[in-house]
Each structure stands twice: as C-alpha cells, then as structure tokens.
Amino acid sequence: MPGEETRLQTLVRNTLAVLGYTVIETGKARRKTQCAKCKSWNYPTGWQGNTPGCPDLYIHAPHWSMPIAIGVQLKTTKGAVRSEQKNMADFKMTVICRSLESVVEIVMEYEDKFGSPSQVERLRKFIEKNGH
C-alpha cells in the first residue's frame with residue numbers, strides 16, 4: 001500500500017494533468033537502502049535514485065509565455081524536510097508543498113505571471129467544486 005506522500009504525489013499529478021499541465025515526476029518517495037558491503041543506510045542516488053534535494057515534480061504549462069517549470073517538493077503535514085531539500089527551497093529552486101491546495105496556489109501564482117487569467121479562474125473553480 002502506498003504511503004501518504006506517494007498518495008499526495010499521485011493526487012497532485014492526476015489533478016494537474018486533468019487541468020492541462022505537464023507534470024514530470026522525478027520519482028516516487030524512496031526508502032533508504034542498505035549497502036551490501038558496509039551495511040550503512042542511504043537514499044539511492046544517481047542511476048539508483050534521485051540526486052539529493054531534487055524535487056518530486058516539475059510542473060509546466062504549454063501556454064506559459066516562458067519555458068519554465070516549477071520544482072515542487074511534496075511533504076506530508078508531518079514529513080521532515082531534509083537539509084538538501086531545504087537548501088533547494090531556500091535558493092528558490094523549488095517550493096515545498098504539503099497539500100494539493102498549496103501546489104495549486106503556487107501554480108496560480110505562475111499563471112498570474114506567465115499564463116492566463118482564465119486558467120486562474122478555472123483552477124479556483126476546480127478547487128471550490130472538488131473541496132481540495
């Protein structure tokens with residue numbers, strides 16, 4: 001059974017895809033793995049996983065006036081933010097979101113800057129209608 005963060009990632013991906021956004025997943029929430037030789041526990045990196053701090057999702061809209069994507073690091077309400085993730089967010093390379101609502105708020109900010117007012121209204125109506 002998928003964890004809470006994986007369920008959140010699936011909800012965000014599916015919701016934004018239905019609304020016409022391109023959502024690139026860099027990977028599902030990964031568990032630490034144990035090195036067979038030294039028995040230490042680490043998160044997989046490189047060909048085995050993601051670079052530490054890499055966001056869970058990149059979100060893009062084909063109608064945005066600039067070729068940009070939003071890097072989104074998803075966390076549950078109680079999920080810990082690792083130092084690499086915090087550094088990426090501190091340097092404004094990613095945003096950390098703990099709900100679908102917070103992701104949509106960020107997307108709406110980008111719509112205001114690079115997109116269309118009608119899409120902002122569409123996002124608002126979708127959230128109101130679906131109770132997210």
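All values reported here derive from a predicted model rather than from experimental measurement. This chain uses plain numbering: 1 for the first residue, then up along the sequence.
The hydrophobic cluster containing F126 also contains M108, counting ILVMFWY residues as joined when their side-chain heavy atoms lie under 4.5 angstrom apart, directly or transitively. L16 and I96 fall into different hydrophobic clusters, defined by Ile, Leu, Val, Met, Phe, Trp and Tyr side-chain heavy atoms under 4.5 Å apart, directly or through other members. Cluster membership check: Y58 does not share its hydrophobic cluster with I70, using side-chain heavy-atom separations under 4.5 Å among Ile, Leu, Val, Met, Phe, Trp and Tyr. Hydrophobic clustering keeps V81 apart from V12 (ILVMFWY residues linked when any side-chain heavy atoms are closer than 4.5 Å, directly or through intermediates). With hydrophobic clusters built from ILVMFWY side chains whose heavy atoms lie under 4.5 angstrom apart, F114 shares a cluster with V104.
Q119 and Y21 share a side-chain donor-acceptor pair at under 3.5 Å.
The minimum heavy-atom distance between R98 and G79, with the atom names listed, is NH1-O, 2.9 Å. Closest approach of C54 and T26 over heavy atoms only: SG-CG2, 3.8 Å.
Side-chain atoms of T76 do not come within 3.5 Å of backbone N or O of E5 as any donor-acceptor pair. Proximity of a side-chain donor or acceptor of E25 to a complementary backbone N or O of L57 within less than 3.5 Å is not detected.
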Check the pair K78 / E4 against side chain to side chain contact (heavy atoms under 4.5 Å, CB included), numbers first and verdict last.
CA-CA 10 Å; K78 296 180 182 178; E4 189 177 340; over 6 Å; no

Go through it in stages, so that I can follow the logic: the residues are K86 and Q73, the test is side chain to side chain contact (heavy atoms under 4.5 Å, CB included), and I'd like the CA-CA distance, side-chain angles, deciding distance and then a yes or no.
CA-CA 10 Å; K86 183 179 180 331; Q73 180 64 53; over 6 Å; no

Does the pair I24 and H60 meet the rule for a side chain to side chain contact (heavy atoms under 4.5 Å, CB included), with working shown?
CA-CA 8 Å; I24 301 166; H60 172 73; over 6 Å; no

Could you walk me through whether T10 and R7 satisfy the side chain to side chain contact (heavy atoms under 4.5 Å, CB included) test, starting with their C-alpha distance in whole Å, then the side-chain angles of each, then the deciding distance to 0.1 Å, before giving a yes or no?
CA-CA 5 Å; T10 300; R7 287 192 298 272; 5.7 Å; no

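C97 contributes atom SG, which lies 12.0 Å from atom CD of Q9 (distance to the nearest 0.5 angstrom). Between K125 atom NZ and L19 atom CG the span is 13.0 Å, to the nearest 0.5 Å. Interatomic distance, I68 CD1 to I59 CD1, rounded to the nearest 0.5 Å: 11.5 Å. Here the OG1 atom belonging to T22 is positioned 13.5 Å from the CZ atom belonging to R13, to the nearest 0.5 angstrom. Distance OG/S99 to CG/L11: 9.5 Å, rounded to 0.5 Å. In this structure, the separation between OG on S102 and CD on E105 is 6.5 Å, given to the nearest 0.5 Å.
Annotation for F91: hydrophobic cluster partners, listed by chain and number, are M88, M93 (ILVMFWY side-chain heavy atoms under 4.5 Å, direct or chained).
Partners of E84 under the salt bridge (Lys or Arg N to Asp or Glu O under 4.0 Å) rule, at least two apart in sequence or in another chain, are R82.
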